[in-house]
Participant: 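Okay, handing you the structure first.
Each ligand, and each atom within it, is numbered from 1 in the order the structure gives. The model shown is predicted, which means the values in this text are computed figures rather than measured ones.
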Amino acid sequence: MRKILITGGAGFIGSHLVRRFVKRYPHYEIYNLDKLTYAGNLENLSDIENAPHYHFIKADIVDGEKMLELFREYNFDAVIHLAAESHVDRSIDNPMEFIMTNVVGTVNLLNAARAIWKGNQERKRFYHVSTDEVYGSLHDSGAFTETTPYAPHSPYSASKASSDHFVRAYHDTYGLPMVISNCSNNYGPNQFPEKLIPLFIHNIKHGKPLPVYGQGLNVRDWLYVEDHAEAIDTIFHQGKDGETYNIGGNNEWKNIDLIKKLIEIMDKKLGRPEGSSLSLITYVTDRAGHDLRYAIDASKLKDDLRWEPHMKFTEGFEKTVDWYLANEKWLENVTSGSYQEYYKKMYDHR
Ligand code: NAD
Ligand code: TYD
């Protein structure tokens, strides 16, 4: 029996990962530790919450004493660490929260793992889930490899870069067994509607303006969330100790092209005249420090662990739109209350 701690399991990617592990590995005990911030929602896991080998722990990774206590109590064999503040715009507004959760929280988990695994590190693993944003921004060509120097620009990416460095430092200094993956932008069901795709689905549906930052020329590489969960599963089980793996979708889109594609799909699904939602596009002040382009070279993962994304973008994108249209209640729940204040604060002055 392996006891696996997954942090941030009530969030977007974490919930897909928890579901995958609960379904595929009935011989594992899965502990989902989450603070349930605005981005964490246990409704995301209602279909598996009663599985006998699934357990939820409400806790804050910033509380170092608590992390140590939990490691003592449960004696986890492995950690897959996803808990983080994850939205760039929020990090620009409030960097400190990102430093606390993403840096201090990660170091608290490293300390707890180190203390409890000391002298017995065999078959232990600390898996840190990170982002391609740590590598900074690309121009028109090239792609990030695992050896691209770190050059973060936003408080979010700087905090993730810092946490990556700490994970490697604990490996090199204390011999803590670890792997890291750096992944491109994810899309799919259950993503909080502050991020581009779910926000724009919501706004198109309700005929609200679509706030395109700058000229919409920034490029992102989009990966379907279940493909990311599968890649994490592969790296968790087969990745080599001390290694970093880049995960990408081979699927680059200029924001404005992605938005037009989304409008085309949604106008059709909502029975509106073709292109009628194009009028919702509103160019607004650019994001400060906005990275122009991200692209991932994921050949190491393909060559070493034989993993590649499966989901075709056209299919994944339609599936995503269908999910949001069918789950109006979910959207309503997460966009009520404090979300309204956030939206007003972020977009009213742009
Ligand atoms: P998310 O914001 O949807 O979820 C984050 C989860 O962490 C939430 O459930 C939240 O409640 C929890 N959390 C936040 N602070 C916490 C704390 N102090 N203690 C305990 N739990 C806390 O994020 P996501 O998009 O699912 O991203 C998950 C991870 O993957 C993050 O580490 C992120 O950096 C990384 N990542 C995300 C993407 C992406 O496109 N979304 C791409 C690459 C990497
Ligand atoms: P986002 O989903 O926030 O992910 P990230 O910043 O981590 O890549 O944004 C994706 C892209 O969309 C990014 O270039 C910023 C842009 N964007 C907008 O143009 N308008 C918006 O309202 C949002 C949220 C993002």
Participant: Can you tell me if Ser162 uses its side chain to pair, donor with acceptor, with the backbone of Ala158 under 3.5 Å?
Facilitator: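 The answer is no, because no donor-acceptor pair under 3.5 Å joins these two groups.
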
Participant: Is Thr131 close to ligand 1, meaning an N/O of one under 3.5 Å from an N/O of the other?
Facilitator: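 Min N/O separation from ligand 1 is not below 3.5 Å for Thr131.
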
Participant: Checking the N or O distance criterion of under 3.5 Å, is ligand 1 in contact with His228?
Facilitator: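 In this structure, His228 places no N or O atom under 3.5 Å from an N or O of ligand 1.
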
Participant: Can you name the atoms of ligand 1, numbered from 1 with element, that are less than 4.0 Å from a heavy atom of Thr37?
Facilitator: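 Numbered from 1, ligand 1 contributes 10 (C), 11 (O), 14 (C), 15 (N).
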
Participant: Which residue supplies the protein heavy atom nearest to atom 19 (O) of ligand 2, what is that atom called, and how far is it?
Facilitator: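 Here the nearest protein heavy atom works out to Tyr213 N, 2.9 Å.
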
Participant: Hey, is ligand 1 close enough to Leu33 that some N/O pair sits below 3.5 Å?
Facilitator: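 No; the residue has no nitrogen or oxygen that sits under 3.5 Å from a nitrogen or oxygen of the ligand.
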
Participant: A cation-pi test, strictly: NZ or CZ of Arg90 under 6.0 Å from the centre of the six-membered ring of Tyr38 and no more than 45 degrees from its axis. Yes or no?
Facilitator: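 Arg90 over Tyr38 ring: yes.
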
Participant: Pairs of nitrogen or oxygen atoms closer than 3.5 Å, one from Lys35 and one from ligand 1: do any exist?
Facilitator: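 Checking ligand 1 against Lys35, an N or O pair does fall under 3.5 Å apart.
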
Participant: At a non-hydrogen distance cut-off of under 4.0 Å, which region of Tyr156 contacts ligand 2 (side chain, backbone, both, or neither)?
Facilitator: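 It is neither part, as no heavy atom is under 4.0 Å.
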
Participant: Quick check, are the ring centers of Phe192 and His87 under 6.0 angstrom apart?
Facilitator: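 Between Phe192 and His87, the centre distance exceeds or equals 6.0 Å.
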
Participant: Is there a heavy atom of Met346 sitting under 4.0 angstrom from any atom of ligand 2?
Facilitator: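 So Met346 does not count as touching ligand 2.
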
Participant: Would you say that Leu110 contacts Met178 through its side chain, given a criterion of any heavy-atom pair below 4.5 Å between the two side chains?
Facilitator: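 With C-beta onward as the side chain, the pair stays apart.
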
Participant: Determine whether Tyr150 and His165 satisfy the following criterion, ring pair (Phe, Tyr, Trp, His ring centres under 6.0 Å), listing intermediate values before the conclusion.
Facilitator: CA-CA 10 Å; Tyr150 277 28; His165 288 317; 4.9 Å; yes

Participant: Looking only at N/O atoms, are Asn185 and ligand 1 under 3.5 Å apart anywhere?
Facilitator: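 Asn185 vs ligand 1: no N/O contact under 3.5 Å.
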
Participant: Which of the atoms in ligand 2, numbered in the order shown and given with their element, are less than 4.0 Å from a heavy-atom of Glu194?
Facilitator: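 Counting atoms of ligand 2 from 1, those under 4.0 Å from Glu194 are 24 (C).
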
Participant: What are the atoms of ligand 1, with element, lying closer than 4.0 Å to any heavy atom of Ser130?
Facilitator: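 Every atom of ligand 1 under 4.0 Å from some heavy atom of Ser130: 43 (C), 44 (C).
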
Participant: Where do Glu341 and Lys344 land on the salt bridge (Lys or Arg N to Asp or Glu O under 4.0 Å) test, with the steps shown first?
Facilitator: CA-CA 5 Å; Glu341 284 158 43; Lys344 221 172 140 37; over 6 Å; no

Participant: Should the ring pair Phe21 and Phe236 be called parallel, tilted or perpendicular, given that the plane angle runs from 0 to 90° and is split at 30 and 60?
Facilitator: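 Taking Phe236 first and then Phe21, their aromatic rings stand perpendicular (interplane angle over 60°).
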
Participant: Decide whether Asn203 and Tyr343 meet the rule of one side-chain donor and one side-chain acceptor closer than 3.5 Å.
Facilitator: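 Looking only at side-chain atoms, Tyr343 and Asn203 do form a donor-acceptor pair, the distance falling under 3.5 Å.
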
Participant: So for ligand 1, is Cys183 a polar contact partner (N or O within less than 3.5 Å, distance only)?
Facilitator: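 N/O-N/O distance under 3.5 Å: no.
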
Participant: Between the side chains of Lys195 and Ser86, is a donor N or O closer than 3.5 angstrom to an acceptor N or O?
Facilitator: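 The answer is yes; a qualifying pair exists.
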
Participant: Walk me through whether Ser130 and Asp164 qualify under side-chain hydrogen bond (donor to acceptor under 3.5 Å, both in side chains).
Facilitator: CA-CA 7 Å; Ser130 193; Asp164 292 11; 2.9 Å; yes

Participant: What protein heavy atom is closest to atom 22 (O) of ligand 2, reported as residue, atom name and distance in Å?
Facilitator: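 Sorting protein heavy atoms by distance from atom 22 (O) of ligand 2 puts Tyr347 OH, 2.7 Å first.
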
Participant: In terms of side-chain heavy atoms, does Ser277 have a donor or acceptor partner in Asp267 at a distance below 3.5 Å?
Facilitator: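 Result is yes, a qualifying pair exists.
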
Participant: Considering only heavy atoms of Lys160, which atoms of ligand 1 have at least one such atom less than 4.0 Å away?
Facilitator: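 What qualifies from ligand 1 is 31 (C), 32 (O), 33 (C), 34 (O).
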
Participant: Looking at His139, I want to see if its NE2 is surrounded by more than 12 non-hydrogen atoms of other residues, nucleotides or ligands under 6.0 Å.
Facilitator: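 Check fails, neighbour count at 12 or below.
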
Participant: Give a yes/no on ligand 1: does Ser15 have at least one heavy atom closer than 4.0 angstrom to it?
Facilitator: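 The answer is no: ligand 1 sits nowhere under 4.0 Å from a heavy atom of Ser15.
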
Participant: Say whether Tyr187 and ligand 1 are in contact under the criterion: heavy-atom distance to a ligand atom below 4.0 Å.
Facilitator: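 Flag not set, Tyr187 not near ligand 1.
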
Participant: Among all protein heavy atoms, pick the one closest to atom 4 (O) of ligand 2 and tell me residue, atom and distance.
Facilitator: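 So the nearest neighbour among protein heavy atoms is Asn185 ND2, 3.4 Å.
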
Participant: For His290, counting its heavy atoms only, list the atoms of ligand 2 lying under 4.0 Å from any of them.
Facilitator: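 Those atoms are 13 (C), 14 (O), 15 (C).
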
Participant: Assign the ring pair Tyr25 / Tyr28 to parallel, tilted or perpendicular, where the plane angle (0 to 90°) is split at 30° and 60°.
Facilitator: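 Ring orientation, 0 to 90° scale: parallel.
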
Participant: Any salt bridge linking Glu308 with Lys302? Criterion: basic side-chain nitrogen under 4.0 Å from a carboxylate oxygen.
Facilitator: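 Salt bridge flag = yes for Lys302 with Glu308.
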
Participant: Is the distance between the ring centroids of Trp253 and Phe313 under 6.0 Å?
Facilitator: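 Distance test on ring centres: under 6.0 Å, yes.
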
Participant: Hey, which atoms in ligand 1 end up nearer than 4.0 Å to a heavy atom of Tyr156?
Facilitator: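 Selected atoms, number and element: 33 (C), 34 (O).
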
Participant: So, is Ile61 polar-close to ligand 1, with some N/O to N/O distance under 3.5 Å?
Facilitator: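 Checking ligand 1 against Ile61, an N or O pair does fall under 3.5 Å apart.
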
Participant: Taking heavy atoms and a distance under 4.0 Å, where does Asn218 meet ligand 2: side chain, backbone, both or neither?
Facilitator: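 Looking at Asn218 and ligand 2, just side chain atoms fall under 4.0 Å.
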
Participant: At a 4.0 Å threshold, what atoms of ligand 2 neighbour a non-hydrogen atom of His87?
Facilitator: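 Under 4.0 Å from His87, ligand 2 has these atoms: 3 (O).
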
Participant: Evaluate the ring planes of Phe76 and Tyr31, with Trp represented by its six-membered ring, and classify them as parallel (under 30°), tilted (30 to 60°) or perpendicular (over 60°).
Facilitator: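 Perpendicular: the ring planes of Phe76 and Tyr31 meet at over 60°.
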
Participant: Below 4.0 Å, non-hydrogen atoms only: which portion of Glu133 touches ligand 2? Side chain, backbone, both or neither.
Facilitator: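 Contact part for Glu133 vs ligand 2: side chain (C-beta onward).
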
Participant: Considering the heavy atoms of Pro211, write down every atom of ligand 2 situated less than 4.0 Å from one of them.
Facilitator: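 Heavy-atom distances to Pro211 below 4.0 Å select 18 (C), 19 (O), 20 (N), 21 (C), 22 (O).
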
Participant: Between Thr131 and ligand 2, which part of the residue brings a heavy atom under 4.0 Å of the ligand: side chain, backbone, both or neither?
Facilitator: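 None of Thr131 does.
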
Participant: Mind checking whether Asn41 has an N or O less than 3.5 Å away from an N or O of ligand 1?
Facilitator: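 In fact, backbone or side chain, Asn41 has no N or O that close.
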
Participant: Hey, is Tyr294 touching ligand 1 through its side chain, its backbone, both or neither, going by heavy atoms under 4.0 Å?
Facilitator: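 Neither; no heavy atom under 4.0 Å.
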
Participant: Going by heavy-atom distance to atom 23 (O) of ligand 1, choose the closest among Gly188, Ala84, Ser86.
Facilitator: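 When every heavy atom of Gly188, Ala84, Ser86 is considered, Ser86 comes closest to atom 23 (O) of ligand 1.
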
Participant: Checking a contact table here: which protein heavy atom is nearest atom 42 (C) of ligand 1, and how many Å away?
Facilitator: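 That would be Ser184 O, 3.3 Å.
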
Participant: Identify whether the distance between the nearest side-chain nitrogen and carboxylate oxygen of Arg293 and Asp140 falls below 4.0 Å.
Facilitator: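 No, this pair does not count.
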
Participant: Which residue supplies the protein heavy atom nearest to atom 12 (O) of ligand 2, what is that atom called, and how far is it?
Facilitator: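 Nearest protein contact, heavy atoms only, for atom 12 (O) of ligand 2 is Asn255 ND2, 3.4 Å.
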
Participant: Does any N/O atom on Phe12 come nearer than 3.5 Å to any N/O atom on ligand 1?
Facilitator: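 Yes; at least one N/O pair falls below 3.5 Å.
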
Participant: Measure Leu199 to ligand 2 on non-hydrogen atoms and call it side chain, backbone, both or neither using the 4.0 Å cut-off.
Facilitator: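 The side chain, only.
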
Participant: State whether the shortest distance between N or O atoms of His81 and N or O atoms of ligand 1 falls below 3.5 angstrom.
Facilitator: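 N/O-N/O distance under 3.5 Å: no.
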
Participant: Show which atoms of ligand 1 fall inside a sub-4.0 Å distance from at least one heavy-atom site of Ala59.
Facilitator: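 Checking each atom against Ala59, I get 19 (N), 20 (C).
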
Participant: Please say yes or no: joined through hydrophobic side-chain contacts below 4.5 Å, possibly via intermediate residues, are Trp222 and Phe200 part of one cluster?
Facilitator: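 Cluster IDs for Trp222 and Phe200 match.
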
Participant: Which ligand 2 atoms, with their elements, are less than 4.0 angstrom from a heavy-atom of Val212?
Facilitator: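 Per the distance check, 19 (O).
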
Participant: Ignoring hydrogens and angles, tell me if any N or O in the side chain of Asn75 forms a donor-acceptor pair with the backbone of Glu73 under 3.5 Å.
Facilitator: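 No: the side chain of Asn75 does not pair with the backbone of Glu73.
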
Participant: Where's the contact between Leu36 and ligand 1, heavy-atom distance under 4.0 Å: side chain, backbone, both or neither?
Facilitator: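 Looking at Leu36 and ligand 1, just backbone atoms fall under 4.0 Å.
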
Participant: Return the residue, atom name and 0.1 Å-rounded distance of the protein heavy atom closest to atom 10 (C) of ligand 2.
Facilitator: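 Heavy-atom neighbour on the protein nearest atom 10 (C) of ligand 2: Leu196 CB, 3.9 Å.
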
Participant: Counting heavy atoms only, which of Arg287, Lys195, Arg220 comes nearest to atom 6 (O) of ligand 2?
Facilitator: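 The residue whose heavy atom sits nearest atom 6 (O) of ligand 2 is Arg287.
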
Participant: Flag the pair Asp304 and Lys240 as a salt bridge only when some basic side-chain nitrogen lies within less than 4.0 angstrom of an acidic carboxylate oxygen.
Facilitator: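 No, no charged N to carboxylate O under 4.0 Å.
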
Participant: Kindly indicate, with the supporting measurements, whether the criterion side-chain hydrogen bond (donor to acceptor under 3.5 Å, both in side chains) is fulfilled by Ser163 and His128.
Facilitator: CA-CA 9 Å; Ser163 63; His128 181 57; 3.1 Å; yes

